Structures are given as C-alpha cells and as structure tokens.
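The shown structure was predicted, so the numbers you read here are calculated from the model rather than taken from an experiment.
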Amino acid sequence: MGRPKHDHYWNEVDEEKDGKLKCKKCGHKFKGGVSRIEAHIKGTGGIRKCSPPLNDTTFSNHSEQHMNVIDTSPAGERTEEMTDGRSINHGGVQLSSLGGVVEGDQGMVEMVGGAANPENSPSLTLLSEGLDAENGHGAVTTLESDCDELISDLTSKEEDIQGQLQLMESRGKKRKGKVDGWLKELQDMKQRAIEVKTTLNNEMYLVEELQEQMYLVEELKKKIPHLNNEMPLVLSNEFVGREFEENVEKMWDLLREDKVFIIGIHGMGGVGKTFLATYMESEIKRTKTFKDVVWVTVSHDFTIFKLQQHIAEILKIKLYGDDERERAVILASELEKRENIVLILDDVWKYIDMEKVGIPLRIKGNKLIITSRLRHVCRQMDCLPSNMIGVMPFNYGNIFDDDHFELFLLKLGDHGTPSTLPSQVLGIARSMVGKCEGLPLGISVMARTMKGETRIHWWRHALNKLDKLEMGVEMQEEVLTVLRRSYDNLTEKDVQKCFLYSALLPNPLRRDLLIMNRVNMVLLNGKRRLEEIFDEANVIVDKLINHSLLLEDLEDNSELTMHALVRKMALNIIKENGSNLMVKCDESMEKIPDIEE
C-alpha cells in the first residue's frame, strides 16, 4: 500500500533488522508506524520526544490528553491518590495528572522511558486514560514475572539438550535432524521473551503498547505445552523410529510412577527389546534418576545360583556357601537397605521366583524391568498389562512410514552417516528391505552383508536369493536361528504343528480358521466333547501369540499375521522334516507350475 500520508516523517528514521525504527537525530528505538514517528518528533501523546540528552534540556508539555501515572515507589511513601487536575507528592517527586510532566528534586523531567528517570527517583510507567495506577503497575510486574519464568524455563531446556548433544557427539554419534528444528523454535521463543523483558525495562507504555506486550507473552506461554510435547527424548540418529521414541516416553512414565514396581518389555525375537532396555539403562545412569542400575542377561540356561551370584558381584555383596535359601536371605537383606535401584533382567524365557533369588519387590523406589519374547512370562511375574510395553516391527500397522529403510541406510553407512545409494540400486534395495517387514535384526544383518557394494548385479543376486528363501549364511545364522528359538521353546507338539500349519496360509490369518483346522484334526483322530476341543484350539492359538510367533492385528483381534521372516523360518523347518511341499511366499500364482517343478 506504500506510505499514503505524512511521508516526510519516514525520512526521520531508519528501519532496523528487528523491525524497530531508529530516530536519526537522537538514536531512540521504537516500534510503530508513521503516527508513532510523528508523536516522537513532536513529543505528543506521552511519547518520548526527539531531543538531546535530558540533563541539558528543559522540556515543555506537548500532551493534549489526560494521562494516568503509575508510581512504583514504596507504598509507604505515597501521601494521597491522584485525581483529575491536581498534583500530589510521591516520595519527594511531584506528579501532575495533566500534561505528563514530572517535577521533583532533580528539576523538570519529561515522562518518557526509564532512561529519563533521574537517578534515585522512582521508576515511572506512563499509561493512557482508562487504566488506574495500581492496576497498571500490577500488570507490568506480572508481565515481568511471566517473562522471567519463560526465559528461565526455556534456558533450562536448552542447556539440558545442548549438554546431551555435546556428550553424544563427543562419542562420535550424530544428532537426529529434527533436533535442530526444535532447538531453533525454542531459541526463537526465548529471544522474543528477552525482547519483551528488555522493552519493559527501557520504555514507558501507553495502554495499547502494554497490551501488545501482554499478548505476545500470552502467545509464548500457549506454545510451551506444544514445545514440551515435541521435545525430543531421543537425540541420536542411531535410534530410529517414532515407535521407539513413544516407547521411551512410556518407560519414563512407568519409572516415575511410585505404584509401579515391575515393567515388562515383550515382543518377537530381533525386534529391539534389549535395544530399548539398553537405551533406558544408559539414560538412567546419565540423568542419575536412580542410584544404580543392575543388568543381568538371563537366557535359557540360567539358574537361581548364577542369578544370585551375578547380582551380588555387581552390587559388591559377598554371598557364602551353596545353599540358595541362605544366599537369598543375605541378598534380600542387603537390597532392603538400598533404595532407588533398577534391576533389568534381559531375555527371560520362563517364570523366575524372585523371593527364591533374594530380590524383594515393592521396596520404595526400586524397579524391576523384564524383557522377554513371552508375554505370559511377564504376567506370571506379576507385571500388570498396563505396565507392559509391546515392541513391534517398524511400520506395523502403518505402511506409510519409512523408518525401516532409514535404519537400513544408517546401518549401510559409516559412523552414523546414512549411505547414499545409486539410483539404479535404490529400488532393489527397497525391495530387499521390504522382505524383512520392519524387523530391525533382519534389516541390520542385511545391511551389513551389502555394506560398500554398489554393483547392481550383486544387489539383484541378493534379492533373487531372498525370493527363493535362500537367505545366505549371515541371515540364516543371525536371524533365522534367533527366531527359531521361539519355535524350539514350544514344548507341546500340537502347538508346533499348529504353527507350521499357519505358515502355509497367507496373511491375514483368520483366528477362527486356525481353530477350526485344529477342531477338524481332533475330530478325525478321536471322540471328544466339542466344547473341550474348541477350548484347546483357542489356547493353542493364544500360546502362539504369547510366544510372538503370531502377531495380533492392532484393530481387529480376530485377524492374525505371521511375520515374513518367521514364515521363512517355519518353511525351513518344514523342509528339514522332509515334507514334499512347494511353497511360494507372497507370490501370486496364476497357473499350475511346470511338471519339472
């Protein structure tokens, strides 16, 4: 729109980078438009008049409107309230309710900013008609207090994140990209709060100007909850995925809850249960939230004696003799003397009687974290469903996220820098990663086997082997062998048979179809009550879910899925058993195969 009137006033100022206007004559900075410039030049409306230093000049009154004044001198020095047309004495300074002039021991001083207040005189704030002195002074004080609180809160958050980043990067790790964006938003908010505080200290305000600053502060306060919600809990790019950050947040909530004593982390093999627990161990130590963290890897071959010994060595407790009960008494006695300890039992495969070990539960401040593939084991150890965290493969239930490929590129790269693939390889790489269906272990092993390879025939060859269920030595030993432990842990033959049968069916698997198959098999082999057969079939399906061999649909519990790598593991078992079967995973067969096949 341009500058339609009073154009010549714009020649009196320079526009600063921060949007303020700077008077060319006196250097005073302020915000506003042409009317504000005119008021500054003429000294009208209670606005600071363009002038030489105050101690060399006698000021005249240019105000044409009635003005109210706030005196911030101690209440005991006030002699009487100001009313229209009269003057009163406030602590040795004469205040006039008309004209905007202050007369005191220091002579005549125009009521402008804090810089215009004579030394040792009260700090004055100028407000337009309609705002009384007491309420106006309270508004300014509240505004200053809000600014101080905002600045302190934002500074604390900034220092905490910056400290974590320095420690992390000193160890050669790299930050997530979104951390910089969050820091920028925080620093912008902090700078705006500082500007408001500086302005309050240096200038006097008309009501409209004070209200503008109040509005700015209120807007900043409204953004704090959003800033807190978006505050990155996980800073390093080695921890990939939105689900991981959500699980970290859940873990912190449970650790802070006084009534929660046992926390369970469950999920299929290779999904990242131990990874989550390891991260929490590191963060607990860094933040000193608890006095100590004790980590014990349990696994299949654990004994109570070994578990006792391991815990005692970490806590530097001496256990004597071979009697497990006596050792448990000593261990429990020592643990009861301590508070705020987190004990992590990793890779638990069966129920552990904590009393026999000598670990007293429900001691104030102490927590037990269990990681297991077996959801029912967490329940058997008195972990409530609300205190259990199920870790799922990447993108489970959300096919639009690209976290699994982000992890692949990160593992394919070097020293925390994701790899950049040639365009002709990119599509093949995505297909290969897709075969892993978001399982972190499979993605990591596959990335390691392809590390540094850019020749397209290598990538095509690797994809062809995956399509033919020829996983390669690394994938066989480090992925399928790990997954097979869940199958081997199925001690009942009927449950194993149901699992292998499920591997021959396409996803999604209907729960009722699996149950009816079991019912039909039992009816053919003998006479039993129908209700009994259905109950048994439902229990078998539940056991497969509890062992993380079948995954429940997040929205429909009647539908189940078998992970692609778990299916490959199952089909390998079927082949090992000599079954004369042809199986094509996720292949759309349009005709009967050739007789040779």
Side-chain angles (χ1 to χ4, degrees), residues 1-70 95-103 106-118 121 123-131 133 136 139-140 143-144 147 188 191-220:
M1 295 295 291
R3 297 168 178 171
K5 58 181 181 177
H6 307 305
D7 232 349
H8 61 281
Y9 286 113
W10 290 102
N11 298 326
E12 303 294 331
V13 296
D14 291 321
E15 192 167 353
E16 300 288 291
K17 291 182 180 180
D18 59 1
K20 287 189 176 183
L21 303 174
K22 180 179 180 180
C23 179
K24 293 181 179 180
K25 294 182 179 179
C26 68
H28 179 59
K29 294 182 180 181
F30 51 89
K31 288 185 177 181
V34 68
S35 59
R36 181 66 186 266
I37 303 172
E38 181 181 4
H40 173 64
I41 299 299
K42 296 181 178 180
T44 58
I47 304 301
R48 176 175 180 173
K49 182 182 178 183
C50 178
S51 60
L54 295 175
N55 55 3
D56 295 335
T57 306
T58 300
F59 294 87
S60 61
N61 171 31
H62 295 285
S63 178
E64 298 178 0
Q65 62 177 355
H66 167 74
M67 308 297 290
N68 285 333
V69 181
I70 297 175
L95 307 179
S96 172
S97 65
L98 292 175
V101 177
V102 180
E103 182 180 4
Q106 305 297 324
M108 297 292 292
V109 181
E110 183 180 4
M111 296 197 318
V112 286
N117 292 324
S121 71
S123 171
L124 303 177
T125 303
L126 182 63
L127 301 169
S128 68
E129 186 174 11
L131 186 64
V140 174
L143 195 56
E144 288 179 337
C147 284
D188 288 346
Q191 183 58 37
R192 291 173 66 186
I194 291 173
E195 288 175 357
V196 172
K197 180 67 185 297
T198 302
T199 304
L200 288 173
N201 290 338
N202 295 337
E203 294 186 12
M204 305 189 77
Y205 279 92
L206 298 173
V207 167
E208 292 81 1
E209 296 167 317
L210 181 60
Q211 289 175 339
E212 180 183 352
Q213 301 303 316
M214 292 171 68
Y215 174 78
L216 286 174
V217 172
E218 285 301 313
E219 288 300 301
L220 290 175

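- Residues L21 and E15 have side chains in contact (heavy-atom distance under 4.5 Å, counting atoms from C-beta outward).
- In this structure, E195 has no salt bridge (Lys or Arg N to Asp or Glu O under 4.0 Å) partners at least two apart in sequence or on a different chain.
- Rounding to the nearest 0.5 angstrom, the gap separating the CD atom in Q191 from the OG1 atom in T198 is 8.0 Å.
- Between K29 atom NZ and D14 atom CG the span is 10.5 Å, to the nearest 0.5 Å.
- The CZ atom of R192 sits 10.5 Å away from atom CD of Q213, with the distance rounded to the nearest 0.5 Å.
- Between C147 and A193, the closest heavy-atom pair is SG-O, 4.0 Å.
- The side-chain heavy atoms of E12 and K24, taken from C-beta on, include no pair separated by under 4.5 Å.
- Residues passing the side chain to side chain donor-acceptor pair (under 3.5 Å) test with D188 are K184, sequence neighbours excluded.
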